[in-house]
**Q** 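Here it is, the structure in full.
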Amino acid sequence: MPVLTFANLPDRVGHELGVSKWVMVDQERIDKFADCTGDHQWIHVDPERARQQSPFRTTIAHGYLTLSIIGALGQEIGALPENTQAAFNYGLNRVRFVAPVRVGTRIRLRSTLIGLENRGPGQYLMKADNVVEIEGEEKPALTAETLVMIYERRRKAGD
């Protein structure tokens, strides 16, 4: 796949930006997210109770943990054009949590550029369709339409 640049970015609309490597979702990651957010619901952090009472028979990742991984995996696949000065999460248009991510499974991101708006000199709003896949499962963990505001690094006079 060609390197993403500001020059070829408009041509990439409607095309896949990339697929990330698989990432393990283990209990330590889930526990750290719980500590960070204060969401210690037993279905996420109590393996014994989850084994006995959860319909999944194990702990599952927080939906927002899975959603939050999109940013890092997007960087991994090179979803931002080279020469990007800054990129900011602008929001979400649509998120659906389709299937639970059970502890000990691996997930990956598949991202497609579905829209690009010029917001001024060197400023663009990227709209991407993201699917977080669960290894070995038919249904994805989630789908999310993300919005990212990107800024092209400007050349200084004399460059």
Side-chain angles (χ1 to χ4, degrees), residues 1-26 29-39 41 43-44 54-56 58-154:
M1 192 172 305
V3 173
L4 195 60
T5 66
F6 281 90
N8 70 17
L9 192 56
D11 298 332
R12 300 297 306 150
V13 174
H15 297 278
E16 189 171 88
L17 293 171
V19 179
S20 74
K21 295 177 185 171
W22 291 105
V23 173
M24 175 60 68
V25 180
D26 58 16
R29 183 185 294 259
I30 293 170
D31 291 343
K32 286 181 178 179
F33 188 84
D35 289 342
C36 182
T37 62
D39 182 352
Q41 184 182 9
I43 201 161
H44 305 302
S54 166
F56 311 113
T58 189
T59 54
I60 59 172
H62 304 72
Y64 285 118
L65 165 58
T66 308
L67 181 64
S68 71
I69 292 173
I70 290 175
L73 296 181
Q75 289 179 29
E76 177 198 310
I77 65 174
L80 295 176
E82 65 179 21
N83 204 35
T84 296
Q85 179 176 350
F88 300 99
N89 179 355
Y90 195 73
L92 302 161
N93 281 343
R94 182 174 128 11
V95 176
R96 296 293 180 267
F97 297 102
V98 181
V101 176
R102 291 171 174 82
V103 69
T105 59
R106 297 189 322 163
I107 61 174
R108 72 179 177 186
L109 173 66
R110 182 177 302 274
S111 185
T112 301
L113 183 62
I114 59 172
L116 182 68
E117 290 179 33
N118 188 330
R119 291 289 184 98
Q123 299 176 21
Y124 303 89
L125 181 62
M126 290 179 65
K127 185 187 305 185
D129 181 47
N130 299 277
V131 178
V132 176
E133 302 172 339
I134 305 169
E135 188 175 38
E137 295 193 23
E138 195 172 308
K139 290 184 181 179
L142 66 82
T143 61
E145 186 176 290
T146 57
L147 303 171
V148 177
M149 185 67 73
I150 57 173
Y151 296 85
E152 185 174 10
R153 185 176 314 282
R154 297 203 178 143

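The first residue of the sequence shown is numbered 1, and numbering continues consecutively from there. Worth saying up front: this structure is predicted, and the values here are computed from it rather than measured.
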**Q** Is the Phe88 ring parallel, tilted or perpendicular to the Tyr151 ring (thresholds 30°, 60°)?
**A** perpendicular
**Q** Considering residues at least two apart in sequence or located in another chain, which fulfil the side chain to side chain donor-acceptor pair (under 3.5 Å) criterion with Asn89?
**A** none
**Q** Got a sec, which pairs hit side-chain hydrogen bond (donor to acceptor under 3.5 Å, both in side chains) with one end in residues 64-81, sequence neighbours left out?
**A** none
**Q** To check you understand the geometry: which heavy-atom pair defines the closest contact between Lys139 and Ala99, and what is its length?
**A** CB-CB, 4.1 Å
**Q** Atom CG in Leu125, atom CG in Leu147: separation rounded to 0.5 Å?
**A** 5.0 Å
**Q** Could you tell me whether Tyr90 atom OH has more than 12 heavy atoms of other residues or ligands within 6.0 Å of it?
**A** no
**Q** Which pairs, with at least one residue in residues 79-96 and sequence neighbours excluded, count as a salt bridge (Lys or Arg N to Asp or Glu O under 4.0 Å)?
**A** none
**Q** Can you see which heavy atom on Ala61 is nearest to which on Val25, and at what distance?
**A** CB-CG1, 3.8 Å
**Q** In sequence, state the C-alpha distance, the side-chain angles, and the governing distance for His44 and Thr59, and then conclude on side chain to side chain contact (heavy atoms under 4.5 Å, CB included).
**A** CA-CA 5 Å; His44 305 302; Thr59 54; 5.7 Å; no
**Q** Could you pull out the closest heavy-atom pair between Gly63 and Leu142, with the gap in Å?
**A** O-CD2, 4.2 Å
**Q** What heavy-atom pair brings Pro140 and Ile134 nearest, and what distance separates the two atoms?
**A** C-CD1, 4.2 Å
**Q** Only pairs at least two apart or in different chains count here, so list each ring-ring contact (aromatic ring centres under 6.0 Å, His included) that has a residue in residues 102-142.
**A** Phe6-Tyr124
**Q** If we check side chain to side chain contact (heavy atoms under 4.5 Å, CB included) with Ser20, which of these qualifies: Ile69, Leu73, Val132?
**A** Leu73
**Q** To the nearest 0.5 Å, what is the distance between OG1 (Thr143) and CG (Leu67)?
**A** 10.0 Å
**Q** Glu135: what forms a salt bridge (Lys or Arg N to Asp or Glu O under 4.0 Å) with it, not counting sequence neighbours?
**A** Arg106
**Q** Can you tell me how far CG of Asn118 sits from CG of Leu9, rounded to the nearest 0.5 angstrom?
**A** 10.5 Å
**Q** Could you tell me which non-hydrogen atom of Ile43 sits nearest to which non-hydrogen atom of Ser54, and how far apart they are?
**A** CD1-OG, 3.9 Å
**Q** Just verifying a value: how many Å separate Met126 CE and Met149 CE, rounded to the nearest 0.5 Å?
**A** 12.0 Å
**Q** Quick check: does any side chain N or O of Thr105 sit under 3.5 Å from a backbone N or O of Val101, one acting as donor and the other as acceptor?
**A** no
**Q** For Leu65, does its backbone N or O pair with a side-chain atom of Arg29 as donor and acceptor, under 3.5 Å?
**A** no
**Q** With no hydrogens and no angle check, is any side-chain donor or acceptor of His62 less than 3.5 Å from a backbone partner on Asp39?
**A** yes
**Q** With a cut-off of 3.5 Å and sequence neighbours excluded, list every side-chain donor-acceptor pair involving residues 109-117.
**A**
{"unit_1": "Arg110", "atom_1": "NE", "unit_2": "Glu133", "atom_2": "OE2", "d": "2.7"}
{"unit_1": "Arg110", "atom_1": "NH1", "unit_2": "Glu16", "atom_2": "OE2", "d": "3.0"}
{"unit_1": "Ser111", "atom_1": "OG", "unit_2": "Asn130", "atom_2": "OD1", "d": "2.9"}
{"unit_1": "Glu117", "atom_1": "OE1", "unit_2": "Arg119", "atom_2": "NE", "d": "3.1"}
{"unit_1": "Glu117", "atom_1": "OE1", "unit_2": "Arg119", "atom_2": "NH2", "d": "3.1"}

**Q** Out of curiosity, Glu152 CD to Thr5 OG1, how far, rounded to the nearest 0.5 Å?
**A** 9.0 Å
**Q** Does CD in Gln85 sit with more than 12 non-hydrogen atoms of other residues, nucleotides or ligands closer than 6.0 Å?
**A** yes
